[in-house]
Amino acid sequence: MTAVDRSGAAPAADTDDTAAVQEKWQAYWDKHDTFRAADAGGDDDRPRRYVVDMFPYPSGDLHMGHAEAFAIGDVIARYRFQRGDNVLHPIGWDSFGLPAENAAIKRDAHPADWTYANIDTQAASFKRYGISFDWSRRLHTSDPDYFRWNQWLFLRFFERGLAYRGGGLVNWCPTDQTVLANEQVVAGRCERCGSEVVRRSLTQWYYRITEYADRLLDDMAQLEGGWPEEILLMQRNWIGRSQGADVHFAVEGREEPVTVFTTRPDTLYGATFFVVAADAPLADELCAPECRDAFDAYRAQVARLSDIERQSTEREKTGVFLGRYAVNPVNGERIPVWAADYVLADYGHGAIMAVPAHDQRDLDFARTFDLPVRVVVDTGQPDPAETGTATSGDGVLVNSGPLDGLAKAEAIERIIQVLAERGTGSGAVNYRLRDWLLSRQRFWGTPIPIVHCEGCGEVPVPDDQLPVTLPDLRGADLAPKGISPLAAATDWVNTSCPRCGGPALRDTDTMDTFVDSSWYFLRYCSPRYDDGPFDVEAVRRWGPVDQYVGGKEHATGHLLYSRFFTKVLYDMGLVDFTEPFKRLLNQGQVILNGSAMSKSTGNLVDLGAEIDDYGVDAVRLCMLFAGPPEDDIDWADVSPAASVRFLNRALRVMTEAGAASAPGTDPGTGDLELRKVTHRTIHQITQLLEVNRFNVAIARIMELVTAARRVIDSGPGAADPAVREAAETIAVTLSLFAPYVAEEGWERLGHAPSVAIGNWRAADPALLVQETVTAVVQVAGKVRDRLEVGPEISAAELERLALASAKVSAHLGGVPPRKVIVRAPKLVNIVPG
RNA sequence: GGGGCCGUAGCCCAACGGCAGGAGGCGAACGGUUUAGGUCCGUUACAGUGCGGGUUCGAAUCCCGCCGGCCCUACCA
């Protein structure tokens, strides 16, 4: 074969060739199971590497967002494959969920039809997209083999008291006709459909994640450095640990005292009234008969408010006096009890002591209803009663009996002591985090494996009767009716009690699909295992996940739940680590013209069409080259066409080198400058990949291609051994980003496939050293001269050379330097006298 | 209201205390190749790092304030 005629069509320039190359290598990878993880222990001493992309929801075909996220995960996995590691890079589908149900209603079909059809579509697209998955481990959470273990885990949680059924106010989405977890409510709206969420009092299943709040906080120390600081911060805020005290207030006419939580027990002497959440049962109970009408009217008014209205901070404070008095435990003072909606029923104890001088919300309320304001911490700022601005800083305690004269921190400590001695309070911690509301009144999910028996109560379904599968409901059967569609499946619901054998009813709710995704990364380690959710030994081998890749929208949902599950499993002795993901990378979004892509506004780029036009490699490459993986990519700013041109250039270098020399040629006699570029490129790319700087790594490959081109055209020519060395390096490094072109080039270089595994090379240190270094000579921080010096030059010698420079003396103007800073061999800075 | 991130050529981005004749790319102009266009090869132009202070021998880089944009959170006592 002779050198390719560059005036003609380049080998992969037209889309037919690109498509043919893609099909060829896709078939090769498929046939040879190139990316299958080796699961044996024993003699395989390669480092194990576990790379997981957040698994997709099967809502139609893959889109641009998937393309970016999975391209990033693929680079990380392929880099490890190239280094010769034993890599586990699995794929699965998060295949339970509401959209399937809605589609089934619309089409009068079963949710599984839509779901599995979409999974097939996405799987085919992933293969076309060239992602290095181990396909043998594929899983779907809607398979009974999978959700069976959701149920098994639920029962273990139940046994440990970590799953419970409880009443309370819950978020209800009127459109989806189901309850939502706190994490699924965004600004008072259903995260999925955007409807305004309303509050309902219902009995629901919960996972007791709050019991793990402290460990979820403390174990973040393990994640520092591996996770984005931003995500850790969001989780910290979400958990929202507050240190303070519980204080018991006697309430006249009530036997039991009412406890309040406060972070400012030091201000106890400044409490001038008492507030109970209007929607809490306590308010109803405490309401005096003469206030009943006013209270009922107020409560009805609050109930009418949507969460959005209620949460508006602009709103005037509202409330109503309950006709009762609470007694301050430290000074016996009677303070009026009010009901108001600015106190939340489900935080703390649903009641507060109001200290208007030192809490803005209490002050706003006091001013609205003309309640007294008493300063108990002198901060040196003006009187809140006058200014309307509460003071919350440090200061000296006043009007506070034994606390007078203490500083804030001392007073907090002291008062907790006093309360404890008298039995009227204690130090306490509260969390913003709520328990995880688990049950959903929908069909396409994991049935909760509990049977309700009149005699025995909540009875777990025995392990050997799992899985509890779904009845065959379809179409209109699934229409939302406020109770789970399962409740209408009489044959399914009616069962016998596992304990007493009497007639009983199945629980008709299904689990939040976040349960499914809280442990799937463990299932991948032994996806067909049927003696438990996973083979403990397999997880010991692979876990925890070395690198997790996914969007930051899961910061306080999925990622928190997965951490919680991992800790529970650790406590059960099933895993030997307490954090599931060592490193986390949050890729940015793919946007268009500055805003999110969306079907409804037509602001959309179709992934399939882009691939048809430019090829998989070019689409992948231009996304990875656009910027750091964490940044958003505006499709208006990227150029897949430019990637096509670059890939053609790269392939041409590989083709020409392949035609001019044979594999195994000793590079030692080749063009030295090109060899240095090659080895410097290897060195730099290796470092860049360790820190996920893919865009810069690609730029380095571009430089190498340009350098090789120069040697071919205007240097020793394509047969030079250094050209082969460069071309092979291009194939190996490019294989992470543009796997099809890399395989094709590798083959044209005369190598047997595949280029993808174990071909990473170390840079030759001898070729990295520079014979001379340019030392910069600054005068007063400005560059005035450059010196070519040896890399080993001593500081003293470099200083001597710098001071001898004519340009330097010109700038010094005869005045002796005051100071000389030498950073051999790169820099000298001379400070004039 | 609270918390966080980010502002470098027309555009995307590098450098993250030590050379901004910017690493790379897009776009632009010009030249070569071509019947022509595209491709391909080559050359050129364009910023001094949002603004104002400070620390330092030296600041795009660290600190403070402001302006602009984005994100999270939102009456959590």
Side-chain angles (χ1 to χ4, degrees), chain A residues 5-10 13-14 186-188 228-231 233-234 236-238 240-242 244 260-264 267 275 277 310-315 317 340-344 346-355 358-362 364-365 430-434 552-553 555-556 594 621-622 625-628 630-634 636-639 641-646 648-649 652 684 688 693 695-703 705-706 709-710 713-714 774-786 817-823 826-832:
Chain A
D5 177 9
R6 275 185 285 105
S7 65
D14 63 73
V186 177
E229 199 46 54
E230 181 190 9
I231 302 293
L233 186 74
M234 282 166 74
R236 252 179 225 119
N237 292 340
W238 188 260
R241 187 188 147 103
S242 297
V260 300
F261 174 74
T262 175
T263 53
R264 293 295 306 276
T267 63
V275 189
R310 182 170 167 170
Q311 284 171 5
S312 165
T313 41
E314 309 294 295
R315 246 174 86 232
K317 290 279 182 287
D341 65 357
Y342 83 93
V343 171
L344 305 177
D346 59 353
Y347 183 80
H349 307 281
I352 61 155
M353 64 176 208
V355 185
H358 306 296
D359 183 290
Q360 191 58 47
R361 296 155 300 184
D362 296 343
D364 293 343
F365 192 85
N430 248 282
Y431 302 92
R432 193 185 161 282
L433 182 71
R434 308 296 150 89
K552 65 181 167 204
E553 66 273 19
T556 53
L621 191 73
C622 77
F625 182 58
E630 298 83 0
D631 286 7
D632 288 351
I633 298 172
D634 195 327
D637 294 333
V638 303
S639 174
S643 291
V644 171
R645 287 199 295 271
F646 164 69
N648 285 339
R649 239 180 296 144
R652 221 176 306 120
Q684 291 180 337
L688 289 162
R693 315 294 289 162
N695 54 328
V696 189
I698 292 166
R700 296 290 171 261
I701 303 176
M702 290 174 171
E703 289 177 279
V705 169
T706 302
R709 179 85 261 151
R710 285 224 173 91
D713 286 352
S714 358
T774 306
V776 174
V777 185
Q778 302 176 332
V779 177
K782 296 228 183 324
V783 180
R784 299 304 184 188
D785 200 6
R786 287 159 217 281
R818 181 152 56 93
K819 197 173 178 185
V820 181
I821 285 103
V822 183
R823 294 283 180 271
K826 282 166 63 186
L827 178 129
V828 179
N829 188 19
I830 299 164
V831 189

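Computed from a predicted model, the values in this text were never measured in an experiment. Chain identifiers are assigned alphabetically (A, B, ...) following the order of the sequence lines, protein sequences preceding nucleic acid strands; residue numbering begins at 1 within each chain.
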Just to confirm, is there a sub-4.0 Å distance from OP1 or OP2 of [N] to any side-chain nitrogen or oxygen of [X]?
{"X": "A:Asn695", "N": "B:A14", "value": "yes"}
{"X": "A:Arg645", "N": "B:G27", "value": "yes"}
{"X": "A:Ser639", "N": "B:C12", "value": "no"}

From the set [options], return the single nucleotide nearest to any side-chain atom of [X].
{"X": "A:Asn237", "options": "B:U73, B:G3, B:G25", "result": "B:G3"}
{"X": "A:Pro628", "options": "B:A14, B:A77, B:C75", "result": "B:A14"}
{"X": "A:Met702", "options": "B:U73, B:G25, B:A14", "result": "B:G25"}
{"X": "A:Arg693", "options": "B:G3, B:A15, B:C13", "result": "B:A15"}
{"X": "A:Asp341", "options": "B:C75, B:G24, B:C40", "result": "B:C75"}
{"X": "A:Val696", "options": "B:A77, B:A23, B:C41", "result": "B:A23"}
{"X": "A:Arg710", "options": "B:U43, B:A77, B:C75", "result": "B:U43"}
{"X": "A:Glu703", "options": "B:A77, B:C13, B:G24", "result": "B:G24"}

Fill in the blank from the handout: RNA chain B nearest-nucleotide lookup for A:Lys552 and A:Ala351: closer to the 5′ end is A:Lys552
Practice task
Identify, between A:Ala642 and A:Arg649, the residue whose nearest nucleotide on RNA chain B lies closer to the 5' end.
Solution key: A:Ala642
Handout entry: A:Gln684 and A:Val696: CA distance, side-chain angles, deciding distance, side-chain contact (heavy atoms from CB on, under 4.5 Å) verdict
Key = CA-CA 9 Å; A:Gln684 291 180 337; A:Val696 189; over 6 Å; no
Exercise for the section: Not counting sequence neighbours, which residues clear salt bridge (Lys or Arg N to Asp or Glu O under 4.0 Å) with A:Glu553? List them please. Expected result: none
Practice task
Would you please name every residue forming a salt bridge (Lys or Arg N to Asp or Glu O under 4.0 Å) with A:Glu230, sequence neighbours left out?
Solution key: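 If we apply the salt bridge (Lys or Arg N to Asp or Glu O under 4.0 Å) test to A:Glu230, skipping adjacent residues, the hits are A:Lys552.
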With rounding to whole Å, what would you report as the distance between [N] and [M] at their [atom1] atoms?
{"N": "B:U61", "M": "B:A29", "atom1": "P", "result": "36 Å"}
{"N": "B:A59", "M": "B:A15", "atom1": "C1'", "result": "13 Å"}
{"N": "B:C11", "M": "B:A28", "atom1": "C1'", "result": "12 Å"}
{"N": "B:C75", "M": "B:G68", "atom1": "P", "result": "27 Å"}
{"N": "B:G37", "M": "B:G32", "atom1": "P", "result": "11 Å"}
{"N": "B:C41", "M": "B:G50", "atom1": "P", "result": "35 Å"}
{"N": "B:G52", "M": "B:C57", "atom1": "C1'", "result": "24 Å"}
{"N": "B:G17", "M": "B:G2", "atom1": "C1'", "result": "33 Å"}

Handout entry: Any donor-acceptor pair under 3.5 Å from A:Asp634 side chain to A:Gly594 backbone
Key =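 Judged by distance alone, yes, a pair lies under 3.5 Å.
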Would you kindly give the [atom1]-to-[atom2] distance between [X] and [N], to the nearest whole Å?
{"X": "A:Asp362", "N": "B:C75", "atom1": "CG", "atom2": "P", "value": "15 Å"}
{"X": "A:Arg652", "N": "B:C40", "atom1": "CZ", "atom2": "P", "value": "6 Å"}
{"X": "A:Glu630", "N": "B:G4", "atom1": "CD", "atom2": "C1'", "value": "16 Å"}
{"X": "A:Gln684", "N": "B:A14", "atom1": "CD", "atom2": "P", "value": "15 Å"}
{"X": "A:Glu229", "N": "B:C71", "atom1": "CD", "atom2": "C1'", "value": "16 Å"}
{"X": "A:Asp364", "N": "B:G1", "atom1": "CG", "atom2": "P", "value": "14 Å"}
{"X": "A:Arg434", "N": "B:A77", "atom1": "CZ", "atom2": "C1'", "value": "12 Å"}
{"X": "A:Phe625", "N": "B:G24", "atom1": "CZ", "atom2": "C1'", "value": "4 Å"}

Exercise for the section: Cation-pi check, A:Lys317 to A:Phe365: give yes when NZ or CZ is under 6.0 Å from the six-membered ring centre and within 45° of the ring axis, no otherwise. Expected result: no
Listed by chain and number, what are the side chain to side chain contact (heavy atoms under 4.5 Å, CB included) partners of [X], not counting sequence neighbours?
{"X": "A:Leu233", "answer": "A:Asn237"}
{"X": "A:Asn695", "answer": "A:Pro628, A:Arg693"}
{"X": "A:Arg434", "answer": "A:Asn182, A:Asp346, A:Tyr347"}
{"X": "A:Arg784", "answer": "A:Val779, A:Lys782, A:His811"}

Contacts under 3.5 Å, N or O only, protein and nucleotides 56-58 of chain B:
unit_1: B:C57; atom_1: O2'; unit_2: A:Asn829; atom_2: ND2; d: 3.3
unit_1: B:C57; atom_1: O2; unit_2: A:Asn829; atom_2: ND2; d: 2.3

Paired with [N]: which nucleotide, if any, by Watson-Crick or G-U wobble criteria at under 3.5 Å for both distances?
{"N": "B:A14", "answer": "none"}
{"N": "B:G1", "answer": "B:U73"}
{"N": "B:G58", "answer": "none"}
{"N": "B:U39", "answer": "none"}
{"N": "B:G65", "answer": "B:C51"}

Exercise for the section: Looking at every strand, decide which applies to A:Arg241 at a 4.0 Å heavy-atom threshold: base, sugar-phosphate, or nothing. Expected result: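 The residue A:Arg241 makes no contact with any strand.
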Practice task
Determine the contact category for A:Leu233: base if any of its heavy atoms lies under 4.0 Å from a base atom, sugar-phosphate if only primed atoms, P, OP1 or OP2 are that close, otherwise nothing.
Solution key: sugar-phosphate
Exercise for the section: Tell whether A:Lys317 reaches the base of B:C75 with its side chain through a donor-acceptor pair below 3.5 angstrom. Expected result: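 Between B:C75 and A:Lys317, which were checked side chain against base, a qualifying N/O pair under 3.5 Å is present.
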Practice task
For A:Phe625, check ring-ring contact (aromatic ring centres under 6.0 Å, His included) against everything at least two apart and list the hits.
Solution key: none
Handout entry: Side chain to side chain, A:Asp359 and A:Arg264, heavy atoms closer than 4.5 Å
Key = no
Handout entry: Side-chain touch A:Arg700/A:Leu688, heavy atoms, less than 4.5 angstrom
Key =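 A side-chain contact exists here, since the closest heavy-atom pair is under 4.5 Å.
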Handout entry: Glycosidic conformation of B:G4, taking syn as within 90° of 0 and anti otherwise
Key =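 Here B:G4 takes the anti form, which means its glycosidic angle is more than 90° from 0.
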Write down the protein N/O and nucleotide N/O pairs, taken from nucleotides 5-11 of chain B, whose separation is under 3.5 Å; answer none if there are no such pairs.
unit_1: B:C11; atom_1: O2'; unit_2: A:Asp637; atom_2: OD1; d: 3.3

Completion exercise
For A:Leu344 and A:Ala277 the tightest heavy-atom approach is C-CB, 3.7 Å
